[in-house]
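Along the sequence shown, residues are numbered consecutively beginning with 1.
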Amino acid sequence: MAADSGIELPDGFSSASEYAAEVKRVYLQYAFLAQMHITDFLVQPHWESLDVEWREYFMSDGFDVSQLIPMATHGVVDEASPSSLREFVDKMFRLQFPRQQIRSSSNGGGGGEGRASREQVLKYFVDGMSEKKREEVVDLAELVGQVSRDSGSELVVDVGAGQGYLSRVVAYGRADAPRVLAVDFSDVQKRGAEVHQKRTLKRLYGKRAIAEGYRGPGDLETRLVHRVLRVDLESAGELAAAAQAEAKGGPWMLCGLHACGDLSSSVLRAFAESDAAAVAVVPCCYNHITEGRGVAGFPLSAEMGGIHFGINALKTACQATVRWESREQDTMAGFQRNYFRALLHYLMVAAGQL
């Protein structure tokens with residue numbers, strides 16, 4: 001259900017605070033699992049820390065390591081497994097945010113009048129990108145456009161804009177597109193983005209684009225502005241000031257694609273401490289999030305006070321289990337390599353080399 005904050009919560013929770021409290025309680029109960037390091041498995045008492053019933057099940061003839069894939073991806077647990085293991089998996093999946101795919105222009109959903117078609121986007125805006133990056137940019141651009149319209153935002157601030165792929169699709173992808181302020185700490189990235197922008201504008205003003213029915217905003221040259229600005233946990237005020245100046249008193253929102261480590265935390269802090277109307281951010285590289293007292297990427301909320309993840313838990317958070325399933329052969333090979341790494345570590349410790 002949707003909380004007062006607008007966040008779509010899992011079933012059974014009526015507020016973000018209630019949800020956060022349960023996440024904290026469950027994490028503290030099972031933190032020892034997330035904090036394990038696979039390479040240390042044979043030299044640390046990780047195995048002994050597991051429930052006896054789990055150990056017996058994992059050692060039984062009825063269990064195969066491949067069963068970990070559907071267990072981690074979909075919460076599918078064999079009926080012969082211990083009830084305590086099924087309870088653990090159920091808790092993990094019960095706390096997941098709803099993951100229904102938003103129907104956007106890239107997957108057959110609506111987008112309203114005046115938007116560029118997916119073919120136009122791929123033709124004019126995202127040349128030179130990998131297929132994976134294209135999908136991410138097109139889908140997030142559609143979402144950002146939707147959120148900007150819902151929130152009334154006239155300006156979108158793209159944080160960590162890099163070469164400006166997302167910025168260009170947001171700024172030029174619809175006739176009613178918001179203006180975009182593309183922010184990156186690197187002047188090299190800014191200059192590269194401006195080169196791409198000039199090429200894109202040349203295509204959009206070309207006879208071919210007009211003949212093919214491209215319909216974008218009328219003031220293409222002024223819709224996208226690039227700026228060098230270092231965004232970190234201590235510069236939320238500078239980011240907000242830059243956005244407010246560019247918005248000229250109008251409503252604005254924040255977005256970011258692959259906002260690495262503390263950059264995601266910085267975007268969220270800027271949103272919380274400013275008059276931004278909305279935020280849409282796709283984090284990555286959780287292992288680069290800083291922890292501790294003072295200015296740190298985690299925790300941002302007092303609700304999570306008292307939790308320290310550590311590097312092993314943060315690296316675990318980077319795992320995308322859906323990829324385990326789609327690449328099962330590679331996944332099983334990865335499991336095997338981890339076993340041999342752990343075995344090598346054990347032998348080196350036993351030989352007194354570590």
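Annotation: the span from Ile289 atom CD1 to Ser264 atom OG amounts to 7.0 Å, rounded to 0.5 Å. Separating the CG atom in Leu33 from the OG atom in Ser49 is a distance of 6.5 Å, to the nearest 0.5 Å. We find the OG-CE distance between Ser301 and Met304 to be 6.5 Å, quoted to the nearest 0.5 Å.
Residues Phe340 and Val43 fall within the same hydrophobic cluster, defined by Ile, Leu, Val, Met, Phe, Trp and Tyr side chains chained together at heavy-atom separations under 4.5 Å. A single hydrophobic cluster is seen to contain both Leu181 and Leu254, as judged by linkage of ILVMFWY side chains at heavy-atom distances under 4.5 Å, directly or through other members. Hydrophobic clustering of Ile, Leu, Val, Met, Phe, Trp and Tyr side chains at less than 4.5 Å, counting indirect connections, unites Val89 with Met36.
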*Derivation and outcome, side-chain contact (heavy atoms from CB on, under 4.5 Å), residues Phe97 and Glu8*: CA-CA 7 Å; Phe97 280 112; Glu8 190 71 20; 5.9 Å; no

*Applying side-chain contact (heavy atoms from CB on, under 4.5 Å), run through Val225 and Val180 and close with a yes or a no.*
CA-CA 6 Å; Val225 177; Val180 175; over 6 Å; no

*I would like to know whether Asp78 and Tyr57 meet side-chain contact (heavy atoms from CB on, under 4.5 Å); could you show each step before the answer?*
CA-CA 10 Å; Asp78 185 71; Tyr57 172 67; 3.3 Å; yes

_If you apply the rule salt bridge (charged side-chain N to carboxylate O under 4.0 Å, His left out), what do you find for Glu246 with Arg179, and how did you get there?_
CA-CA 9 Å; Glu246 189 64 34; Arg179 293 182 297 113; 3.5 Å; yes

*Given side-chain contact (heavy atoms from CB on, under 4.5 Å), test Thr321 with Glu325 step by step and report yes or no.*
CA-CA 7 Å; Thr321 56; Glu325 183 179 49; over 6 Å; no

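Put simply, the side chain of Tyr30 reaches to within 4.5 Å of the side chain of Met92, judged on heavy atoms. Using a 4.5 Å cut-off on side-chain heavy atoms (C-beta onward), Lys24 and Ile307 make contact. Taking 4.5 Å as the limit, some side-chain heavy atom of His196 sits within range of a side-chain heavy atom of Tyr165. When side chains are defined from C-beta on, Gln197 counts as touching Leu224, because their heavy atoms get closer than 4.5 Å. Side-chain contact check for Met332 versus Phe335: some heavy-atom pair is nearer than 4.5 Å. Between Val144 and Met253, some side-chain heavy-atom pair lies under the 4.5 Å cut-off. Side-chain contact between Tyr27 and Phe309 is present, with heavy atoms from C-beta onward closer than 4.5 Å. Residues Val26 and Phe88 have side chains not in contact (no heavy-atom distance under 4.5 Å, counting atoms from C-beta outward).
Between the Gln67 side chain and the Asp64 main chain, a donor and an acceptor come within less than 3.5 Å of each other. Glu87 contributes no side-chain N or O that, together with a main-chain N or O of Ser83, makes up a donor-acceptor pair within less than 3.5 Å. Judged by distance alone, the side chain of Ser153 and the main-chain N or O of Leu155 form no donor-acceptor pair under 3.5 Å. With hydrogens and angles ignored, the 3.5 Å screen pairs a side-chain donor or acceptor of Glu291 with a backbone N or O of Gly310. Looking only at distances, no side-chain donor or acceptor of Asp184 sits under 3.5 Å from a matching main-chain atom of Val228. Of the possible polar contacts, one joining the Thr290 side chain to the Gly297 backbone as a donor-acceptor pair under 3.5 Å is found. Using modelled atom types, one side-chain atom of Arg223 and one backbone atom of Ala177 make a donor-acceptor pair closer than 3.5 Å. Not one N or O on the side chain of Ser81 forms a donor-acceptor pair closer than 3.5 Å with the backbone of Val77. The backbone N or O of Gln189 sits less than 3.5 Å from a side-chain atom of Ser186, completing a donor-acceptor pair. Distance alone, capped at 3.5 Å, is enough to place a donor-acceptor pair between the Arg55 side chain and the Leu50 backbone.
Taking the six-membered ring for Trp and thresholds of 30 and 60 degrees, Phe13 and Tyr19 have ring planes more than 60 degrees apart, a perpendicular arrangement. Classified by interplanar angle (parallel below 30°, tilted 30° to 60°, perpendicular above 60°), the ring pair Trp47/Phe41 is perpendicular.
Residue pairs meeting the salt bridge (Lys or Arg N to Asp or Glu O under 4.0 Å) criterion with at least one partner in residues 193-203, sequence neighbours excluded, are Asp127-Arg203, Lys190-Glu194. Among pairs with a residue in residues 153-168, none fulfils salt bridge (Lys or Arg N to Asp or Glu O under 4.0 Å), at least two apart in sequence or across chains.
Between Arg227 and Ala242, the shortest heavy-atom contact is NH1-CB, 3.3 Å. Across all non-hydrogen atoms, the minimal contact from Ala342 to Ile38 is CB-O, 3.5 Å. Minimum interatomic distance between Trp54 and Ser84 (heavy atoms only, all atoms of both residues): NE1-OG, 2.9 Å. Here the closest non-hydrogen pair linking Leu229 and Leu239 is CD2-CA, 3.9 Å. Taking every heavy atom of both residues into account, Ala161 and Ala182 meet most closely at CB-CB, 3.7 Å. The two atoms that bring Pro98 and Pro10 nearest to each other are CD-N, 4.0 Å, heavy atoms only.
In the displayed structure, Gln329 atom CD is contacted under 6.0 Å by at most 12 heavy atoms of other residues, nucleotides or ligands. For Lys91, the NZ atom is densely surrounded, since the number of other residues' heavy atoms within 6.0 Å is greater than 12. Around the CZ atom of Phe298, the shell of radius 6.0 Å holds more than 12 heavy atoms that belong to other residues, nucleotides or ligands. Applying the 6.0 Å contact sphere to NZ of Lys248 captures more than 12 heavy atoms from other residues, nucleotides or ligands. The local environment of CZ in Phe93 is crowded, with over 12 non-hydrogen atoms from other residues, nucleotides or ligands closer than 6.0 Å.
Using a 4.0 Å cut-off between charged nitrogen and carboxylate oxygen, Arg94 and Glu22 count as a salt-bridge pair.
Side chains of His46 and Asp40: a donor-acceptor N/O pair is absent below 3.5 angstrom, by distance only. A side-chain N or O of Tyr205 and one of Glu221 form a donor-acceptor pair less than 3.5 Å apart. Using modelled atom types, one finds no donor on one side chain facing an acceptor on the other under 3.5 Å when comparing Glu328 with Ser66. Asp330 and Trp324 share no side-chain donor-acceptor pair at under 3.5 Å. With 3.5 Å as the limit, one finds no donor-acceptor pair spanning the side chains of Gln44 and His37. Side-chain N/O atoms of Ser17 and Ser15 include no donor and acceptor closer than 3.5 Å. A donor-acceptor contact under 3.5 angstrom links the side chains of Ser235 and Asp232, judged on distance only.
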